[in-house]
Amino acid sequence: MPLLFYLDDPRRLRGLLSSCAAPRTLARLHALLIVSSASHQLLSSLAAAYARAGDLVAAESTATAAATASSSIAAWNAIIAAHSRRGSPAAALRVFRALPPAARPDSTTFTLALSACARLGDLHAGEAIKDRACEAGYKDDIFVCSSLLHLYARWGAMGDAVKVFDRMPRRDRVTWSTMVAGLVSAGDPLEAIDMYRRMREDGVEGDDVVMLGVIQACSATRDVRIGASVHGHLLRHGMRMDVVTTTSLVDMYAKNGLLDVAHRVFGLMVHRNVVSWSVLISGLSQNGHADEALHMFRKMQTSGLLPDSGALVSALLACSDIGYVKLGRSIHCFILRRLEFTCILATAVIDMYSKCGSLTSAQMLFNRIGGKDLILWNAMIACCGAHGRGQDALTLFQEMNKTGIRPDHATFASLLSALSHSGLVEEGKLWFHRMVNYFKIKPVEKHYVCLVDLLARSGLVEEANAIVKSMEAVPTVAIWVALLSGCLNNKKLELGESIADHVLQLQPDDVGVLALVSNLYAAAKKWDKVSEVRKLMKDTGSKKVPGCSLIDISRTRHTFMMEDQSHPQHHEILKMVAKLDFEMRKMGYVPRTEFVYHDLEEEVKEQLLSYHSERLAIAFGLLNTSPGTRLVIIKNLRVCGDCHDAIKYISRIAEREIVVRDAKRFHHFKDGACSCGDYW
DNA sequence: CGGTTTTAAA
């Protein structure tokens with residue numbers, strides 16, 4: 001039917017407008033409305049139709065034309081909603097603020113505006129809108145309240161959210177969902193689960209959105225039993241299990257280490273999207289199965305899905321875990337070819353290079369990223385620290401401050417740790433002080449660990465001890481451990497012993513900590529205490545993990561354990577070790593036998609030191625590379641003070657840069673079993 | 001009438 005015939009029938013015309021999405025037809029209707037000097041209502045409908053079709057320019061101009069009539073608010077609402085949907089909440093707020101005086105905002109308008117504030121994280125603007133909504137009489141409106149609730153809950157004002165929630169006269173599913181999700185993001189999963197219970201008591205049936213929040217809560221409680229019962233509930237009640245719900249279930253199981261269940265649920269999914277794969281991949285790599293994670297990453301691609309930035313981040317994480325630079329680099333190239341480098345992606349790639357020992361690649365990428373955000377700076381500062389470049393970390397930190405980005409607690413944790421590892425004591429003290437007094441950041445455990453470590457490492461054990469004593473909070477095991485290893489390295493055995501006693505009382509279940517305690521008693525020659533701790537280690541089922549080092553030479557990974565004679569080049573390696581020992585002594589090296597924690601003859605102790613796994617790995621590296629090469633050793637345990645010294649001498653003798661990286665996250669080292677990576 | 005809540009990842 002020709003459009004012209006609609007003119008006589010405004011109701012049909014409005015029907016047509018509300019269902020029409022074709023821009024061409026809308027333009028013709030627009031012309032028609034103008035020539036027939038149509039009513040304001042019709043113009044508003046047209047504006048709303050333009051907004052729905054995505055033509056916001058036309059929508060705004062039409063709405064302005066219709067704005068004199070009070071009913072035009074619907075058109076403005078459509079425009080605000082369209083802006084929000086298209087991902088520009090700022091534009092939505094701009095339209096809201098510029099509403100013509102005649103257009104009186106209604107419940108929908110306030111709801112949309114508050115939702116835009118929530119997307120932007122603008123609590124301040126939200127507060128003002130809430131006040132206007134109350135003045136306009138929407139104080140108890142369920143939609144307005146729900147979006148206000150979401151704004152508060154999402155941005156850490158849980159107290160305000162609860163206040164709003166408590167005085168709401170009526171609550172629907174959305175209200176409850178918002179509270180559940182809000183409590184989860186506020187880090188209070190138990191409270192979230194309780195909120196769900198209250199909802200059921202109130203007689204409200206859960207829908208998929210509420211259940212999603214509950215699943216997240218279960219995931220965060222680290223208590224899979226509740227999670228599994230929720231899963232059972234979903235199945236028993238035949239509730240809707242769409243991709244999102246099922247994906248969250250996979251995530252919950254994977255995050256909590258039930259990888260087989262996660263796999264099974266994943267396998268039963270009828271429809272999987274990139275996120276489904278990503279949660280499985282990140283779950284696998286977080287639980288030390290990086291190789292399997294990367295296998296899934298490949299399977300995802302062969303199943304025809306193109307990885308998005310999230311999937312790539314998960315895969316990069318797995319690459320870092322096993323030091324698989326080759327794949328990491330190819331992901332980097334993939335991003336360069338097909339995607340935009342967002343800060344999130346750049347951070348993940350830089351982190352990968354950092355953990356794989358490639359400082360230069362990390363720096364090169366970092367320098368090319370424009371509009372760096374806080375987390376990207378933090379990652380790069382941490383990267384410098386991990387590579388022993390304390391001064392560079394400090395320079396970066398100062399550059400960051402110049403760009404006007406405010407450092408946060410993580411920045412200082414990275415900075416202090418970098419300064420600590422490079423022995424920059426004065427700078428460390430200075431910046432700790434400035435963090436507290438200038439940046440007004442309250443030091444938490446990790447900061448104290450860094451500071452105490454920094455002082456204790458460089459011999460200022462008493463000063464470190466004073467810091468611990470002056471702490472407001474009760475010192476944690478990690479802080480005592482930092483102090484304790486300082487005592488051990490600096491032969492402050494009397495103080496060390498009292499700390500060891502104290503740490504023991506705190507009942508650490510960590511083997512590393514027990515080993516340190518035992519080592520200190522050994523250094524103090526308290527052999528009865530040593531056997532006591534050794535017994536404790538046995539009783540808790542934890543056996544001492546043998547020291548193990550890895551080195552990659554021309555894409556082959558070689559593993560070395562103390563006193564391991566299985567390597568084909570074993571004899572040559574021992575010869576090299578002896579030769580190095582000789583050269584080092586000529587340069588003034590004195591073996592620090594206090595780092596051998598057995599009751600043995602001095603000479604045997606010296607021999608044992610030179611058989612530490614990193615020494616074997618280095619010797620092997622020297623045999624198979626030429627001067628100027630960079631040797632990256634990956635070790636599962638902390639490098640002892642003696643090896644630390646020895647490495648300095650060896651790098652001078654052999655003219656090679658030697659880097660030892662900590663490999664706590666390498667699953668190859670679990671239970672001391674070192675296996676060769678499949679990727680080398 | 002509509003409008004509110006919705007999975008991973010640094």
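Heavy atoms only: backbone and side chains are in, while hydrogens, waters and symmetry mates are out. This one's a predicted model, so the numbers in the text were calculated from it and none came from an experiment.
Whole-Å rounding puts the A:Asp351 CG to B:dA9 C1' distance at 12 Å. Rounded to an integer number of Å, the gap from CE of A:Met269 to P of B:dA8 is 14 Å. Remark: C1' of B:dA9 and CG of A:Leu376 are 15 Å apart, rounded to the nearest angstrom. To the nearest angstrom, P of B:dT4 lies 7 Å from CZ of A:Arg119. With rounding to whole Å, A:Met296 atom CE is found 17 Å from B:dA9 atom C1'. One atom, CD1 of A:Ile335, and another, P of B:dA10, lie 14 Å apart when rounded to the nearest Å. Rounded to whole Å, atom C1' of B:dT7 lies 14 Å from atom CG of A:Leu280. Put simply, CG on A:Asp321 is 14 Å from C1' on B:dA10, counting in whole angstrom units.
The nucleotide whose nearest atom lies closest to any side-chain atom of A:Val279 is, among B:dA8, B:dT7, B:dT5, B:dA8. The side chain of A:Thr111 approaches B:dT4 more closely than any other nucleotide in the set B:dT4, B:dA8, B:dT5. You'll find that the side chain of A:Leu212 is closest to B:dT6, out of B:dT4, B:dA8, B:dT6. When distances run from any side-chain atom of A:Asp373 to the nucleotides B:dA10, B:dT5, B:dA8, the shortest one goes to B:dA10. In the set B:dT5, B:dT4, B:dA10, the nucleotide with an atom closest to the side chain of A:Asp172 is B:dT4. The nucleotide whose nearest atom lies closest to any side-chain atom of A:Lys255 is, among B:dA9, B:dT7, B:dT4, B:dA9. For A:Thr108, the side-chain atoms get nearest to B:dG2 when compared with the rest of B:dT5, B:dG2, B:dA8.
Base contact: A:Asp106 has a heavy atom under 4.0 Å from a base atom. In this structure, A:Ile344 reaches the bases: a heavy-atom distance under 4.0 Å links it to at least one base atom across the strands shown. Heavy atoms of A:Asp207 sit nowhere under 4.0 angstrom from any nucleic acid atom. At the heavy-atom level, A:Val209 lies under 4.0 Å from base atoms of the strands shown. A:Thr247 comes within 4.0 angstrom of a nucleotide base, judged by non-hydrogen atoms across all strands.
Evaluated for a side-chain contact (heavy atoms from CB on, under 4.5 Å) with A:Thr246, the options A:His271, A:Arg272, A:Met269 yield exactly one hit, A:Met269.
Checked by atom type, the side-chain pair A:Asp242/A:Thr245 shows a donor-acceptor distance below 3.5 Å. Using modelled atom types and a 3.5 Å distance limit, the side chains of A:Ser354 and A:Asp351 yield no donor-acceptor pair.
Using cut-offs of 30° and 60° on the angle between ring planes, the pair A:Phe366 and A:Trp377 is perpendicular.
Contact between the side-chain N/O atoms of A:His150 and the OP1/OP2 oxygens of B:dT4 is not found at any separation under 4.0 Å.
For A:Trp277 and A:Phe266, the ring centers are positioned less than 6.0 Å apart.
Here A:Arg198 does not pair with A:Glu201 in a salt bridge; the nearest charged N to carboxylate O distance is not below 4.0 Å.
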